[in-house]
Amino acid sequence: MSPLNGNRSDGADRSALPGRPGGSATPLCTAYDTALLDLDGVVYAGGAAIGHAVDSLLAARDAGMRLAYVTNNALRPPDEVARHITELGVPTEPAEVINSAQAVARLISEQVPAGSRVLVIGGEGLRVALRERGLEPVESADDDPAAVVQGYGGPELPWGRFAEACYAIARGVPWYASNTDLTIPGARGIAPGNGAAVEVVRIATGAEPQVAGKPLPPMHRETILRTGARRPLVVGDRLDTDIEGAFNGDVDSLLVLTGVTDAARLLAAEPRHRPTYVDADLRGLLTSQPEVTGGPEDGFACGGWRASVRDGALVLDDAGFDGDAGREGDGGTGGAPMDGLRALCAAAWSAAGDGTCTADAGKALSRLGL
């Protein structure tokens, strides 16, 4: 059995159901032994540290939590990523960085002969990972590759690289992709990710790649092999990679709202995309997580808020805010905005069951400033 399976921390409220966010009586940095952190949209965006990220990570580490960075971005090798995080203010070793390039390189190495040539469509991270597994990166379909691997190559990746992949795939060469994230957050906004580039090759060839990155099993396996985490907490900003990957691995998760997922998308999440916890940013690692109480009949309460679904809309009522609901401050009449969002998640997910909530959340989220 994977070390992650069946090892949800005792810090999580065992009464928490898939239909509501969980609670933790102790700070998450002490309830879990290892944070498996996504990078883009969680630790940094466009190379710059996200607000509160550095101080929060340092404090979590000082409290005894191990930090591991698990990213679908295959552009840079672990030593470059570690150096970047260190420059931001969090001392990091290359061994603490796990990327989808490593996961896809292992996958390829298990299916082609040792020393095989692999056509690389992407950045240096892929080349380093392939060499680590005893494979030879090449640049042309005419180099007789045994496989094609595609990973994020950055905004300057030439269009001709996609054509090179198509030529090899048309000759019957098996195709692998590090990940299929359609977008990637940057300093100026949301940009196309490797998934968008994979779609270009898919449309041109009609082929389907083997994919290694989150939320799929090869990335989960790579993370386990490299971290040995026993009570991990997945921390991410994407529902379809970070949170779904945690769901697939039976691991608790924390969603932070500093990347691609906004409050409206969170409320509409299907079961596999529902995080155990939700917070505004990485400061959530340093605090306990409030319990959501109540049910569909009387509404779901958290902090100073009570949420329910009425007449096709999510409704947020004042549950009697006492002034001590949390660090985010007074959300108008009910209290901390994050507590209001947690209550809304419970109402939305409970109403949706195994599907997605279609109730209008606009007014309720506007009241929270989200």
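Basis for what follows: all heavy atoms, side chains included, without hydrogens, waters or symmetry-related copies.
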Exercise. Would you say Thr180's side chain and Gly195's backbone share a donor-acceptor pair under 3.5 angstrom?
Worked result: no
Problem set entry | Check: Val118 and Pro145 side chains under 4.5 Å, non-hydrogen atoms | no
Problem set entry | Whether over 12 other heavy atoms sit under 6.0 Å from Asp62 CG | yes
Problem set entry | Qualifying residues under side chain to side chain donor-acceptor pair (under 3.5 Å), relative to Glu244, sequence neighbours excluded | Arg272, His273
For this session: Output yes when a side-chain donor or acceptor of Asp360 lies under 3.5 Å from a complementary backbone atom of Ala313, and no otherwise.
Result: no
Exercise. Minimum heavy-atom separation for His220 to Gly249, with atom names?
Worked result: CE1-CA, 3.7 Å
Exercise. Under a 4.5 Å side-chain heavy-atom rule over Ile, Leu, Val, Met, Phe, Trp and Tyr, are Val128 and Ile98 clustered together?
Worked result: no
Exercise. Got a sec: does the CD of Glu199 have more than 12 other heavy atoms crowding it under 6.0 Å?
Worked result: yes
Exercise. Hey, what else clusters with Leu182 if you join Ile, Leu, Val, Met, Phe, Trp, Tyr whenever side-chain heavy atoms sit under 4.5 Å?
Worked result: none
For this session: For Glu139, enumerate each residue passing the salt bridge (charged side-chain N to carboxylate O under 4.0 Å, His left out) test, keeping only those at least two apart in sequence or located in another chain.
Result: Arg127, Arg161
Exercise. Any idea which heavy atoms bring Pro271 and Gly355 closest together, and the distance?
Worked result: CD-O, 3.8 Å
Problem set entry | Connected via hydrophobic side-chain network under 4.5 Å: Leu314 and Val278 | yes
Exercise. Can any side-chain N or O of Ser253 pair as donor or acceptor with the backbone N or O of Thr276 at less than 3.5 Å?
Worked result: yes
Seminar exercise, completed: In short, Gly236 meets Asp242 closest at the heavy-atom pair CA-OD2, 3.4 Å
Exercise. According to the side chain to side chain donor-acceptor pair (under 3.5 Å) rule, which pairs have a member within residues 292-303, sequence neighbours left out?
Worked result: none
For this session: Check for a donor-acceptor pair, side chain of Gln150 on one end and backbone N or O of Ala165 on the other, with a separation under 3.5 Å.
Result: no
For this session: Please confirm whether the backbone N or O of Pro218 pairs with a side-chain atom of Arg106, one donor and one acceptor, at under 3.5 Å?
Result: no
Problem set entry | Where Leu341 and Leu266 come nearest, the two heavy atoms and their spacing | CD2-CD2, 4.0 Å
Exercise. Under the salt bridge (charged side-chain N to carboxylate O under 4.0 Å, His left out) test, which residues partner Arg66, sequence neighbours left out?
Worked result: none
Exercise. When Asp317 is tested against each of Arg310, Arg367, Lys363 for salt bridge (Lys or Arg N to Asp or Glu O under 4.0 Å), which residue passes?
Worked result: Arg310
Exercise. Under 4.5 Å between any side-chain heavy atoms of Ile121 and Leu119, yes or no?
Worked result: yes
For this session: Determine yes or no for a side-chain-to-main-chain donor-acceptor pair under 3.5 angstrom, with Trp349 supplying the side chain and Pro21 the backbone.
Result: no
Problem set entry | Partners meeting side-chain contact (heavy atoms from CB on, under 4.5 Å) with Asp142 (sequence neighbours left out) | Ser140, Arg171
Problem set entry | Linked, directly or transitively: Tyr176 and Ile169 (ILVMFWY side chains, under 4.5 Å) | no
For this session: Tell me, please, which residues at least two apart from Phe162 pass ring pair (Phe, Tyr, Trp, His ring centres under 6.0 Å).
Result: Trp159
Exercise. Could you state the interatomic distance from CD (Glu96) to OG1 (Thr227), rounded to the nearest 0.5 Å?
Worked result: 11.0 Å
Exercise. Under 3.5 Å, is there a donor-acceptor pair between the side chain of Thr92 and the main chain of Ala82?
Worked result: no
Problem set entry | Nearest-0.5 Å distance that lies between atom CG in Leu286 and atom OG1 in Thr30 | 10.0 Å
For this session: Working to the nearest 0.5 Å, report the span between OG1 of Thr223 and CG of Asn99.
Result: 10.0 Å
Problem set entry | Test side chain to side chain donor-acceptor pair (under 3.5 Å) applied to Arg133 - qualifying residues, sequence neighbours left out | none
Under 3.5 Å, which donor-acceptor pairs link side chains of residues 33-47 to any protein atom two or more places apart or in another chain?
residue	atom	partner	partner atom	Å
Asp33	OD1	Arg231	N	2.9
Asp33	OD2	Arg230	N	3.2
Asp33	OD2	Arg231	N	3.4
Asp38	OD1	Lys214	NZ	3.2
Asp40	OD2	Asn73	ND2	3.2
Tyr44	OH	Arg76	NH2	3.1

Problem set entry | Gap between atom CZ of Arg238 and atom OG1 of Thr183 - 0.5 Å precision | 3.5 Å
Problem set entry | Apart from Val260 itself, residues in the same hydrophobic cluster as defined by side-chain heavy atoms under 4.5 Å | Ile190
Seminar exercise, completed: Taken to the nearest 0.5 Å, the spacing of Ser24 OG from Leu254 CG works out to 11.0 Å
For this session: Please report the shortest heavy-atom distance between Ala263 and Leu370, naming the atom on each side.
Result: CB-CB, 4.1 Å
For this session: Please answer whether the main-chain N or O of Glu270 pairs with a side-chain N or O of Thr356 as donor and acceptor at a distance below 3.5 Å.
Result: no
Problem set entry | Heavy-atom closest pair, residues Ala101 and Leu126 | CB-CD2, 3.9 Å
Problem set entry | Asp237 backbone acceptor or donor facing Thr261 side chain under 3.5 Å | yes
Problem set entry | CH2 on Trp305 to CG on Leu316, rounded to 0.5 Å | 5.0 Å
Exercise. For Glu80, what residues pass the salt bridge (charged side-chain N to carboxylate O under 4.0 Å, His left out) criterion, not counting sequence neighbours?
Worked result: none
Exercise. In chain order, what residues pass the ring pair (Phe, Tyr, Trp, His ring centres under 6.0 Å) check against His52, with sequence neighbours excluded?
Worked result: none
